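Just so it is clear, the structure is predicted and the values come from calculations on it, not from any experiment.
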Amino acid sequence: MPEGDTVLQTATRLHEALAGQVLTRSDLRVPRFATADLSGRTVLDVTARGKHLLTRIEGGLTLHSHLRMDGAWRVYAPDERWRGGPGHQIRAILANAEHTAVGYRLPVLELLRTSDEDRAVGHLGPDLLGPDWDPGPALDRLLAAPERPLGEALLDQRNLAGIGNVYKCELCFLARVTPWLPVGALPDGTLPRLVTLAERLLNANRDRPTRTTTITSELRTPPSPPSPPSATPAPSAPATTPAPAPAPARSPARPRAPQPVRVQERLYVYGRARRPCLRCGTPIRLADQDDRPTYWCPRCQSGPTP
């Protein structure tokens, strides 16, 4: 699921593939911009703003895109097969002599003047991964609606930009409160610590291929190996033949009991419904909040629940 950290990684890949290069092909497959041709223009840079992508192009143009739930940009070499999805899901193609960037399932794609970028991203709160990150305005915006459930407030990009549903669930767990607790009901000092933790978590994952929020591992016991088949006794010798003396019986080796091993869990609660909490062992619960799957531990997290 694209969140601030993965969108930043996408911007980095696009910047490395496109910036400073002249476009040899452009294809915007949305009705409003279907006739726009960016070929012959140089891509200046690609940057992330919260969960938005801004591809700035020579001539004062910016291609604005947003991945939402399942959008993606893929970068391919000239002879590489495109594997991001079927052709009808392609919304944008930007190519130069060395790379082709293909945008799949992009719910937001628009071409605008670079001077008008605020029209697309000016509503966003402080960017958790931006060079100008400032927790003060983010706290002020969160506290402006004290009655609002914490989970909804964290997802509102007008408060602070970059948090998605995964981080919402993980941050609420780490703060030991449910996502349904009103912002104004948080214990003293919790909200500033939560905002600081959000910035640290996203920055810790900005270059990781797999998002990780945990600092603990879970102790698991692997399944026991199957028992060896029992030996079939040899047929008895004829009665007229003296039976040979049996060889000394060798005790079979006793199989060792499986030993617990530590398995690293990358997330505390998200995607772990009905599995044991990594801290207390209570099964993780799942419910919808504002039409988004929301996970929490009923023992570790205090506050209202559905």
Side-chain angles (χ1 to χ4, degrees), residues 1-15 18-19 44-57 62-73 91-92 101 103-145 148-172 179 183 191-192 194-208 211 213 270 289-292:
M1 180 178 296
E3 305 207 16
D5 50 0
T6 48
V7 172
L8 180 64
Q9 292 173 17
T10 298
T12 300
R13 287 194 296 271
L14 290 173
H15 182 86
L18 301 177
L44 304 179
D45 70 83
V46 183
T47 189
R49 181 76 171 88
K51 296 193 288 182
H52 297 252
L53 286 164
L54 302 171
T55 303
R56 299 184 178 114
I57 302 166
T62 294
L63 185 64
H64 167 231
S65 59
H66 195 294
L67 306 182
R68 295 255 172 99
M69 297 295 288
D70 60 349
W73 279 95
R91 296 292 176 267
Y104 292 90
R105 301 172 299 278
L106 301 175
V108 176
L109 184 70
E110 60 175 342
L111 188 64
L112 47 86
R113 289 283 175 189
T114 302
S115 58
D116 294 333
E117 283 182 359
D118 272 359
R119 183 164 57 83
V121 297
H123 66 287
L124 297 176
D127 187 349
L128 285 155
L129 292 175
D132 56 348
W133 162 248
D134 185 352
L139 285 170
D140 291 341
R141 295 185 183 207
L142 289 166
L143 291 170
R148 195 174 189 187
L150 176 62
E152 293 181 13
L154 290 175
L155 286 179
D156 190 337
Q157 302 300 294
R158 296 171 298 181
N159 291 331
L160 66 173
I163 293 177
N165 203 42
V166 176
Y167 279 115
K168 176 198 82 172
C169 296
E170 295 295 294
L171 286 166
C172 288
V183 171
L191 191 60
L194 186 63
V195 169
T196 298
L197 181 59
E199 186 269 338
R200 289 178 180 173
L201 280 180
L202 266 74
N203 266 295
N205 284 288
R206 63 188 297 157
D207 297 319
R208 287 176 177 166
R211 184 180 296 127
T213 62
Y270 189 87
Q289 183 181 38
D290 198 23
D291 295 326
R292 293 173 182 263

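No donor-acceptor pair under 3.5 Å is formed between the side chain of D116 and the backbone N or O of L112. Under the 3.5 Å distance criterion, the side-chain polar atoms of E3 are left unmatched by any main-chain donor or acceptor of K51. Under the 3.5 Å distance criterion, the side-chain polar atoms of R208 are matched with a main-chain donor or acceptor of A204. A donor-acceptor pair is defined here as one N or O able to donate and one able to accept, closer than 3.5 Å; no such pair exists between the side chain of R91 and the backbone of Y104. Using a distance-only test at 3.5 Å, with no hydrogens or angles considered, no donor-acceptor pair links the side chain of Q157 to the main chain of G125.
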Notebook entry, point to check: Can N203 and R200 be said to form a side chain to side chain donor-acceptor pair (under 3.5 Å), step by step?
Noted result: CA-CA 5 Å; N203 266 295; R200 289 178 180 173; over 6 Å; no
Note to self: Working note: T47 + L53, criterion side chain to side chain contact (heavy atoms under 4.5 Å, CB included); need CA distance, chi angles, decisive distance, verdict.
What the structure shows: CA-CA 6 Å; T47 189; L53 286 164; over 6 Å; no
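Side-chain contact between C172 and L154 is present, with heavy atoms from C-beta onward closer than 4.5 Å. By the 4.5 Å heavy-atom criterion applied to side chains, N205 and Y167 are counted as neighbours. Under the 4.5 Å side-chain criterion, counting only non-hydrogen atoms from C-beta, P149 is in contact with Q289. A heavy-atom distance below 4.5 Å is found between the side chains of W133 and L128. Side chains of P192 and L139 form a contact here, defined as non-hydrogen atoms less than 4.5 Å apart. Using a 4.5 Å heavy-atom cutoff, the side chains of L44 and I57 are not in contact. You'll find the side chain of T62 stays beyond 4.5 Å of the side chain of T55, heavy atoms only. Contact check for L54 versus V46: no side-chain heavy atoms found under the 4.5 Å cut-off.
Interatomic distance, CG of L171 versus OH of Y270, reported as 13.5 Å (0.5 Å rounding). In this structure, the separation between OG1 on T6 and CZ on R206 is 12.5 Å, given to the nearest 0.5 Å. Once rounded to the nearest 0.5 Å, the distance linking CH2 of W73 with CG of L14 reads 6.5 Å. One finds the CD atom of E199 at 7.5 Å from the CG atom of L129 (value rounded to the nearest 0.5 Å).
Salt bridge status for D45 with R56: present, with a side-chain N to carboxylate O gap under 4.0 Å. Under 4.0 Å is where a charged nitrogen must lie from a carboxylate oxygen, and between K168 and E152 no such pair does. No salt bridge links D156 with R141; every basic N to acidic carboxylate O contact stays at or beyond 4.0 Å.
The nearest pair of heavy atoms linking L106 to S65 is CD1-CB, 4.4 Å. The two residues N165 and L155 have their closest heavy-atom pair at N-CD2, 3.6 Å. Listed here is the closest heavy atom pair of A153 and N159: O-ND2, 3.0 Å. Counting all heavy atoms, side chain and backbone alike, P126 lies closest to P137 at CG-CB, 3.9 Å. Heavy-atom minimum distance, A198 versus I163: CB-CD1, 4.1 Å. Residues R49 and A161 share a closest heavy-atom pair of NH1-CB, 4.4 Å.
Donor-acceptor pairing under 3.5 Å is lacking for the side chains of D5 and Q9.
Using the six-membered ring where Trp is involved, H66 and H52 have ring planes that are perpendicular, over 60° apart on the 30 and 60° scheme.
Applying the 6.0 Å contact sphere to CZ of R158 captures no more than 12 heavy atoms from other residues, nucleotides or ligands.
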